[in-house]
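Structure first, then comments.
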2 protein chains.
Amino acid sequence: MDSNDTAGQGVPADAGDAGDGPSVVDAGDASPAPAPGASRRRSSPTIYDVAQAAGVAPLTVSRTFSRPGRVNAETADRIRKVAAELGYRTNPMARALATTHTNLLALVVPDITNPVYFEIINGVQDEAAEAGYTVLLVDSRESDKREREALERALPIVDGIVLGTSRMSDASIRMIAKQKPMVALNRAVREIPSVVPDNARGVRRALEHLGELGHDLVTYLAGPEASWADGMRWRGLREASLELSMHVRRIGPLAPTVAGGVAGAKAWLQAPTTGVIAYNDLVAIGFIRAVQGRGKRVPEDVSVVGYDNIFAADLVSPALTTVATPRRALGAAAVRNLVAQIKGAHPRGGPPVVVPVKLVERESTGPNARA
Amino acid sequence: MDSNDTAGQGVPADAGDAGDGPSVVDAGDASPAPAPGASRRRSSPTIYDVAQAAGVAPLTVSRTFSRPGRVNAETADRIRKVAAELGYRTNPMARALATTHTNLLALVVPDITNPVYFEIINGVQDEAAEAGYTVLLVDSRESDKREREALERALPIVDGIVLGTSRMSDASIRMIAKQKPMVALNRAVREIPSVVPDNARGVRRALEHLGELGHDLVTYLAGPEASWADGMRWRGLREASLELSMHVRRIGPLAPTVAGGVAGAKAWLQAPTTGVIAYNDLVAIGFIRAVQGRGKRVPEDVSVVGYDNIFAADLVSPALTTVATPRRALGAAAVRNLVAQIKGAHPRGGPPVVVPVKLVERESTGPNARA
DNA sequence: ATGAAAGCGCTAACAA
DNA sequence: TTGTTAGCGCTTTCAT
């Protein structure tokens with residue numbers, strides 16, 4: 001909520017250009033459209049204007065901007081110069097109509113508010129920008145209805161879709177994938193190229209970490225039943241526990257929220273363990289607050305590992321030890337794959353691209369007091 | 001990071017409508033673009049196809065979708081039916097080219113990652129959807145260069161811009177406002193319609209609250225020097241302190257981050273007060289952690305009030321008492337204003353639209369121990 | 001390396 | 001209420 005404004009003086013002074021008296025507060029009241037030409041901007045110059053001014057054919061101007069190299073260097077320079085003088089800018093709509101592609105990508109996430117998506121968004125946006133695409137962020141706010149509607153709107157104007165943790169059914173997803181190139185993120189969908197973090201490896205590292213600290217009985221605070229990621233993590237946990245000769249219990253399903261963590265704590269108090277691995281950071285945070293409220297100390301009485309390494313993980317006390325998912329890399333990988341598809345590569349229905357994760361050790365884990 | 005995937009079972013069931021045999025899993029490796037027509041989607045039907053099938057003129061089809069009501073109800077029904085059968089969808093690019101408007105709005109924020117913008121984004125998106133617009137979210141990541149570039153890209157394809165807490169100079173902003181309708185958020189820019197929260201009222205409420213708890217000397221942890229909001233808050237604070245017969249000290253400027261709060265704590269420890277008001281929640285959080293680290297208790301030794309009421313404010317301990325800015329309302333108001341402009345209303349250069357704020361009392365404030 | 005013609009799909013004007 | 005005629009600004013053939 002800060003800005004670099006220099007208008008800090010708060011001067012209401014109004015250099016009124018329409019001069020219709022002192023600030024009429026209400027926005028768009030009566031007066032309809034101003035006479036076209038009033039404060040209205042002149043229609044911008046086109047390739048024809050530039051062509052004429054530069055003494056070439058319109059097509060040459062077009063080429064100068066869309067396929068440089070296919071035009072004489074000198075000619076191109078001259079055209080560019082003239083264009084700059086005239087303030088020419090290529091019209092994306094016209095180009096889109098002619099080429100059928102917009103250079104827009106849709107990125108769908110279930111909840112912008114969820115810190116998990118920050119870096120994904122950044123990764124997607126950076127990689128997209130690099131490839132010459134602008135991204136249209138679609139926030140479905142955890143509603144498959146909203147997701148479908150928003151996607152419906154976006155579909156006809158984008159060249160491809162990055163579907164982050166979709167709330168839609170596999171069937172709906174495949175339906176959409178038939179219409180536009182698509183890559184799924186954080187979720188494997190048959191026949192759809194997908195990019196996922198290495199969930200198995202993540203929980204395994206968490207378990208190892210706990211093991212090294214002397215905890216050999218740990219509780220897993222499970223996520224939503226329908227969660228693909230949760231399934232992967234629980235499976236990975238069981239396998240790892242076998243290899244490491246440790247024991248893992250499961251509590252859940254839990255909502256993937258602070259409240260879910262609180263609920264998990266209730267159950268855990270019935271049968272405490274010195275080690276806990278949570279489905280995600282929010283659950284871990286809720287769990288910690290709840291058990292602290294019951295007089296337990298973290299990490300002295302119980303070590304807890306979160307998952308995702310969200311923004312807030314570093315803010316709570318104790319700061320959360322957690323598995324960091326490479327969200328930026330995830331987003332970037334998805335875009336690369338998507339752009340490849342758009343450029344003409346066949347979509348690969350093969351196994352998901354798996355991106356590595358890593359454990360971030362902070363204050364919520366410590367040696368087993370009993371050891 | 002969870003999903004509702006049903007693919008857990010791996011059900012391959014696919015009511016294949018294209019029926020080209022059992023899912024050929026591995027599509028393409030080397031081979032370049034597929035023969036146009038292979039897995040490529042057929043070019044979609046146009047108004048001409050629909051017109052022909054329905055036995056009317058193309059224009060009538062066009063009207064049916066763009067100006068319903070201007071066409072006979074029965075005819076319209078028939079056309080819609082035929083269109084549905086053919087799977088006709090109006091082509092936004094063609095429409096945009098013809099009408100010169102895209103029904104896209106740009107929302108520029110300096111940092112998606114900043115919780116402050118969540119609700120603004122939601123408010124903007126909802127209101128925009130209601131008005132028939134899709135929003136293109138532009139994240140400038142605190143860089144005026146990036147902001148300018150992204151805006152550059154977005155400008156030609158949007159009908160208007162909501163500029164949230166811009167990092168650009170007033171001059172740049174006015175420049176852009178000349179090209180497209182615009183509304184500034186959280187910042188007053190001369191000659192540009194703007195919507196801002198009631199900063200003066202906010203700090204005043206914070207001060208009152210502290211006063212009621214018996215603190216009459218409070219420290220203000222100031223934000224960045226260049227911040228418009230900071231100026232407003234400090235000014236509001238001074239005025240309120242006069243009226244309330246309280247005393248306010250100022251420490252700063254500080255970075256609007258957790259680190260800034262830590263820095264502020266250092267200075268505060270030189271001359272502690274029992275009441276503290278921070279520029280924003282992040283600063284408050286940093287401050288609290290730092291003073292706690294020096295053995296001070298919150299709120300027993302010092303009461304602190306944050307600003308903004310971000311997501312994390314409720315997660316830290318003690319939970320933060322803070323001034324909640326009506327971010328969703330802010331976003332919605334901006335869009336209403338913007339759409340009014342687009343629809344033809346004159347831009348109003350008058351004073352900013354001011355949206356009310358409110359104080360959220362949580363655990364970080366308490367009675368003055370000395371009282 | 002450059003150009004002329006045609007058209008992408010839709011919507012403004014005007015008619016009828 | 002409906003239809004006809006022109007474009008919107010760009011990129012595609014296919015020449016030159």
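By convention in this document, chain letters (A, B, ...) are assigned in the order of the sequence lines, proteins followed by strands, and residues within each chain are numbered from 1. Note that the structure is predicted; figures quoted are calculated from it, not measured. Because only heavy atoms are used, hydrogens play no part in the values below, and waters and symmetry mates are left out as well, while side chains stay in.
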Problem set entry | Base dC10(C) paired with Y48(B) side chain (donor-acceptor, <3.5 Å) | yes
For this session: Mind calculating the distance between CE (M93(A)) and P (dG9(D)) to the nearest angstrom?
Result: 10 Å
Dump every N/O contact between nucleotides 12-16 of chain D and the protein below 3.5 Å, one line per pair.
from: dT12(D); atom 1: OP2; to: R67(A); atom 2: NH2; distance (Å): 2.4

Exercise. Between T60(B) (side chain) and V56(B) (backbone), is there a donor-acceptor pair under 3.5 Å?
Worked result: no
Exercise. Taking S66(B) for the side chain and S62(B) for the main chain, is one N or O donor matched with an acceptor at less than 3.5 Å?
Worked result: yes
Seminar exercise, completed: DNA chain C nearest-nucleotide lookup for G69(A) and P58(A): closer to the 5′ end is G69(A)
Problem set entry | Separation of atom CZ in R70(A) from atom P in dG3(C), rounded to whole Å | 16 Å
Problem set entry | Phosphate OP1/OP2 of dA1(C): any T60(A) side-chain N/O under 4.0 Å | no
Problem set entry | Residues from residues 73-92 of chain B lying under 4.0 Å of DNA chain D - heavy atoms | T75(B)
For this session: Look only at the side chain of D159(B) and the backbone of N103(B), and say whether a donor-acceptor pair between them is shorter than 3.5 Å.
Result: yes
Problem set entry | Closest-nucleotide ordering on DNA chain D, the 5'-leading residue of A57(B) and A94(A) | A57(B)
Exercise. How long is the line joining CG of L97(B) and P of dA12(C), in whole Å?
Worked result: 12 Å
